[in-house]
Amino acid sequence: MGRDSLHARLRTATGPAHQALEDSLDWRARVATLPGYRTLLARLHGFHAAWEPVIGAELADDAFLAPRRRLALLAADLQHLGLSPDAVAALPLPMLGGREGPILRGPAAATGALYVLEGSTLGGKVIGRHIADLHGLSGAGLAYYRAHGPAAGAMWATLRARLETFADDPAAEAVLTGAAVATFAAMRAWLSPAPEGAAGP
Ligand code: HEM
C-alpha cells in the first residue's frame, strides 16, 4: 500500500468509524453462546439482504461482486444453527431508503460500501477462529466468518486495486469515502446489541 494510495486515505478517513463499530459491537459477549451467535448472524443477514442488491445494482459488475456476496453464507449458517428457510426469509431488514437503509448512487458509492463489507472479512478471521474454538464449528455454521478462506489475500488485493481506479477523480473519491463512512455508521446502528429483553430470532 503506497503512502498516497486512495486506500491509505480511505483507511484513515474511516478509522474512527471502524473503531466505533468495533467498540459497540461487543462481539465476544454476543458469540459466547450459540443462541447469541445466531442472533448476531440474523442481524448480519438483514444487513446483507438490504445492501447486497443495492451494491449490485449500482456497481453493475456482477463478475466482481458475485464471489463477494455473503448473504447465502449467512442463510446456510443460520439453517445449520436451526432456523428454517422460512424463518431466515422472514428475518428483519434495515428500512430500505430509510434512515438505516442503503442510499447509494453509482459505482463509486457502491465501491465504498463494498470496501466496508469486504473489510469485515479481515476482522472476521479473528472472530471466526474464536467461534470455531468456542463452539467446535468448522465449515458448517461458520461459512460467513470463513468468508474467502485461503483466497482472502487475493480477494482483498483485487478490492484494493479496484479502489485505486477512482484515485484520479476527487469527486468520485469523495463519494466513495462518504459511502464507506455511511455504511460503517449504518452497520453500527443495525448491529448494536438489542436492548435488554428484546426478542431474538
Ligand atoms: C462488522 C463489523 C466490521 C466491519 C464492517 C469492519 C471493517 C473493516 C475494514 C473495512 C477493514 C479494512 C481496513 C483497511 O483498509 O485496511 C478492516 C480491517 C480490520 N478489522 Fe475490521 N471491521 C469490523 C469488525 C471488526 C472487529 C470486531 C474486529 C476485531 C476483531 C476487527 C478487526 C480488524 C482488523 C484486525 C483489521 C486489519 C486486518 C488486516 O490488515 O489484515 N474488525 N475492518
Side-chain angles (χ1 to χ4, degrees), residues 1-32 36-52 54-55 59 65 68-71 73-74 77-78 93-94 100-102 104 108-134 142-167 173 176-194:
M1 183 174 73
R3 279 181 95 77
D4 297 318
S5 66
L6 187 151
H7 175 224
R9 293 191 291 274
L10 180 62
R11 184 188 221 170
T12 302
T14 56
H18 181 278
Q19 191 60 51
L21 173 59
E22 208 182 311
D23 290 347
S24 69
L25 197 57
D26 199 16
W27 67 270
R28 276 182 189 274
R30 295 174 81 181
V31 307
Y37 171 45
R38 198 175 72 167
T39 301
L40 178 60
L41 289 178
R43 293 301 280 184
L44 286 162
H45 183 279
F47 199 86
H48 281 255
W51 288 69
E52 283 185 8
V54 178
I55 292 172
L59 193 66
L65 183 61
R68 294 179 165 83
R69 289 185 187 270
R70 286 190 291 158
L71 184 61
L73 304 183
L74 284 162
D77 286 345
L78 284 162
L93 270 66
E100 292 176 339
L104 305 170
T111 303
L114 187 57
Y115 161 77
V116 179
L117 294 185
E118 276 292 282
S120 74
T121 65
L122 303 178
K125 283 190 222 165
V126 180
I127 299 173
R129 274 196 298 270
H130 181 81
I131 294 166
D133 291 348
L134 201 60
L142 204 60
Y144 176 80
Y145 278 114
R146 285 189 65 213
H148 306 308
M155 294 294 281
W156 186 241
T158 51
L159 190 277
R160 283 195 341 242
R162 175 62 65 98
L163 293 174
E164 301 312 319
T165 65
F166 296 94
E173 179 173 343
L176 190 157
T177 305
V181 171
T183 302
F184 266 117
M187 223 182 206
R188 184 182 178 203
W190 181 247
L191 293 182
S192 290

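Sequential numbering from 1 along the given sequence is applied to the chain's residues. First listed ligand is number 1; within each ligand, the first listed atom is number 1. Treat the numbers as computed from the prediction; the structure is a model and nothing was measured.
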- Task: Would you mind listing which atoms of ligand 1 come within a distance below 4.0 Å of any non-hydrogen atom of Ile127?
- Result: 27 (C)
- Which heavy-atom pair separates Ala167 from Glu173 by the least distance, and what is that distance? O-OE1, 4.1 Å
- What's the spacing between Thr177 OG1 and Leu163 CG if we round to 0.5 Å? 9.0 Å
- Query: Any idea which atoms of ligand 1 are less than 4.0 Å away from a heavy-atom of Val116?
  - Reply: 5 (C), 7 (C), 10 (C)
- Heavy-atom contacts with Phe184 under 4.0 Å: which atoms of ligand 1 show up? List them by number with element. 4 (C), 5 (C), 6 (C), 7 (C), 10 (C)
- Query: Got a second to check how far Thr121's OG1 is from His148's NE2, nearest 0.5 Å?
  - Reply: 5.0 Å
- Message: Checking contacts here: is it the side chain or the backbone of Trp156 that comes within 4.0 Å of ligand 1, counting heavy atoms only? Could be both or neither.
- Response: side chain
- Shortest reach to atom 17 (C) of ligand 1 by a heavy atom, considering only Gly119, Ser5, Gly15: Gly119
- Item | Test of proximity, His18 against ligand 1: N or O pairs below 3.5 Å | yes
- Which ligand 1 atoms, with their elements, are less than 4.0 angstrom from a heavy-atom of Ser120? 3 (C), 4 (C), 5 (C), 6 (C), 7 (C), 8 (C)
- Query: Does the side chain of Arg160 pick up a donor-acceptor pair with the side chain of Ser5 at under 3.5 Å?
  - Reply: no
- For Met187, atoms of ligand 1 separated by under 4.0 Å from a heavy atom: 1 (C), 5 (C)
- Message: Are any of the N/O atoms on Trp27, whether in the backbone or the side chain, positioned under 3.5 angstrom from an N/O atom of ligand 1?
- Response: no
- Query: Which one holds for Leu21 and ligand 1: side chain close, backbone close, both close, or neither close, with close meaning a heavy atom under 4.0 Å?
  - Reply: side chain
- Over all heavy atoms of both residues, which pair between Leu71 and Glu52 is shortest? Give the atoms and the distance, please. N-OE2, 3.2 Å
- Note on the structure: So the atoms of ligand 1 within less than 4.0 Å of a heavy atom of His7 turn out to be 14 (C), 15 (O), 16 (O)
- For atom 39 (C) of ligand 1, which of Leu191, Asp23, Leu122, Thr14 has the closest heavy atom? Leu122
- When rounded to the nearest 0.5 angstrom, what distance separates CD1 in Ile131 from CG in Leu41? 7.0 Å
- Task: Would you name the heavy atoms of Leu104 and Ala179 that are closest together and state the gap between them?
- Result: CD2-CB, 4.0 Å
- Note on the structure: dist Leu44:CG -> Leu73:CG (nearest 0.5 Å) comes out at 11.5 Å
